[in-house]
2 protein chains.
Amino acid sequence: MESLPIHITINPELYTKNPESSDLGKKIVQTSIEMINDLGFESFTFRKLGVAIGSNESSIYRYFESKHALLVYLINWYWSWIEYKLVFATTNITSAKDKLNIAITLFTQEVKEDNSFTFINEILLNKIIISESVKAYHTKDIDEENKKGFYKTYKRVVQRVSDMVLEINPKFEFPHMLISTVIEGAHHQRYFSQHLPSLTDVEEGKNNVVRFYTDLVQKTIV
Amino acid sequence: MESLPIHITINPELYTKNPESSDLGKKIVQTSIEMINDLGFESFTFRKLGVAIGSNESSIYRYFESKHALLVYLINWYWSWIEYKLVFATTNITSAKDKLNIAITLFTQEVKEDNSFTFINEILLNKIIISESVKAYHTKDIDEENKKGFYKTYKRVVQRVSDMVLEINPKFEFPHMLISTVIEGAHHQRYFSQHLPSLTDVEEGKNNVVRFYTDLVQKTIV
DNA sequence: CTCGATTTAATAGTAATACTTTCATATCTT
DNA sequence: AAGATATGAAAGTATTACTATTAAATCGAG
């Protein structure tokens, strides 16, 4: 699975010029991931990115109209990638319970390998999702952006897994709540384990996040 | 309970000058809550607040060193208030299960009344917690601020309720994860229900958030 | 290989933000 | 009434998040 030369297509509304269409574009995305990780989203600027890649600020603006737009692009890329992994990993598996467990693991485990079939480092991107993604959708423009389809990929992933829940228990009332709780919850737990450890029970090498949410889902949907 | 003239004390590290010590200070806090709700945290500025209260920007800086500091103050006020309600509502209740249910309800229900024993509107403050609180602790300075005790109140509330979980099932491995998942999850669900409804199953007047999390906790800790 | 189109770079500029500083004035305290 | 403290007014700074203009480099088609 990991080495297939797949290609992730991103909704053209999410960029001004497709960053995949040029070396500069790829460099922008690739380096922005590193810099957002290092500096945090607030301290990251297009000016600094320009300096880092030896390119001009104004050139970056031809690809993304703002750093917010770039973050939204990255988030969409991430969810497209997760969706691909999800579909691939659950194809030909008949048991709904097995499929659901695969999905929960995918959402809650730490990303530890960069498949490098693209210019995007998935380990770092996962870290950005954990630390910065809430900033993308907690803005005053959320409704407008949602209308434009900026969060479609994420919503589609939640829908797919909610359907698995309903396959197991068609009477379960809150499948979307459950799945979005697991996804956002797992991100928070990873963040807390680094910065506010007394809010969590994560222990090195014990896979607690995956175990906790897997168990929680199984018990809740009965 | 609601009409007791209680007083909430805030850690002095969280302000430069105590806003409760003057009319101006109270007006700053009171009006900032309204403005953050109206404008969102990003568009809210001390300059705008100064205009709104007919006071000078520089005077506001004498109370809070930045708008981030003000947000952290508000969050702490909120958690102190919740802690008070929690302790009050669970005193003299012997059943650990009952206590836990009271706590979960407190965390997940919408705040609908402003007790107005203070200058703070708790309905609006709850909305700020839902929409903006993640911005307070998703910053590069989190570790430093955590060391200074900025998030102590929140952590103490989580600890109290984790202890209730352990009272019911002393072998449960992940009490902190469970409680922080419920708290953050409930905030997300409220936010999603307004802005990204396909990520949730909230319905008007059906109390779904409370029901979902109450049920989830009961099943998970067994 | 060259002409025209496209892409990128360089430079400058703008409005707003998030403060800081200084000094004057008002108010409150004893 | 004097001194201390709180607030206001005004100006200033560095940075941000862009936009605009023009020139240079590069690329692709005939």
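Lettering follows sequence order; numbering is per chain, from 1.
Not one side-chain nitrogen or oxygen of A/Ser55 sits closer than 4.0 Å to the OP1 or OP2 atom of C/dT8.
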Applying side chain to side chain donor-acceptor pair (under 3.5 Å), run through B/Asn146 and B/Lys155 and close with a yes or a no.
-> CA-CA 10 Å; B/Asn146 185 35; B/Lys155 288 170 358 183; 2.7 Å; yes
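Residues passing the salt bridge (charged side-chain N to carboxylate O under 4.0 Å, His left out) test with B/Glu42, sequence neighbours excluded: B/Lys135. For A/Glu13, there are no salt bridge (charged side-chain N to carboxylate O under 4.0 Å, His left out) partners at least two apart in sequence or on another chain.
Judged by distance alone, with hydrogens and angles left aside, the side-chain atoms of A/Asp201 form no donor-acceptor pair with the main-chain N or O of A/Asn208 at under 3.5 Å. Put simply, the side chain of B/Asn207 never gets that close to the backbone of B/Val210: no donor and acceptor are under 3.5 Å apart.
Within residues 22-29 of chain B, no residue places a heavy atom under 4.0 Å from DNA chain C.
Distance B/Leu39 CG to C/dT17 P: 11 Å, rounded to the nearest Å. Put simply, NZ on A/Lys17 is 8 Å from C1' on C/dT6, counting in whole angstrom units. For the pair B/Ile60 CD1 and C/dT20 C1', the interatomic distance rounds to 15 Å; values are reported in whole Å.
Among pairs with a residue in residues 180-191 of chain A, those fulfilling side-chain hydrogen bond (donor to acceptor under 3.5 Å, both in side chains) read A/Tyr137-A/Glu184, A/Tyr154-A/Glu184, A/Ser180-B/Gln189, A/Thr181-B/Gln189, A/Thr181-B/Tyr213, A/Gln189-A/Thr200, A/Gln189-B/Ser180, A/Gln189-B/Thr181, at least two apart in sequence or across chains.
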Take nucleotides 15-24 of chain D nucleotide by nucleotide from the 5' end and write B, S or -, depending on whether a protein heavy atom sits under 4.0 Å from the base, only from the sugar-phosphate, or from neither.
-> --SBBB----
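Backbone-only engagement by A/Tyr63 is indicated by non-hydrogen atom pairs under 4.0 Å involving sugar-phosphate atoms exclusively.
A donor-acceptor pair shorter than 3.5 Å cannot be found between the side chains of A/Glu122 and A/Asn126.
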Could you list the donor-acceptor pairs under 3.5 angstrom formed by side chains in residues 26-34 of chain A, with sequence neighbours left out?
| from | atom 1 | to | atom 2 | distance (Å) |
| --- | --- | --- | --- | --- |
| A/Thr31 | OG1 | A/Lys27 | O | 2.8 |
| A/Ser32 | OG | A/Ile28 | O | 3.2 |
| A/Ser32 | OG | A/Val29 | O | 2.8 |

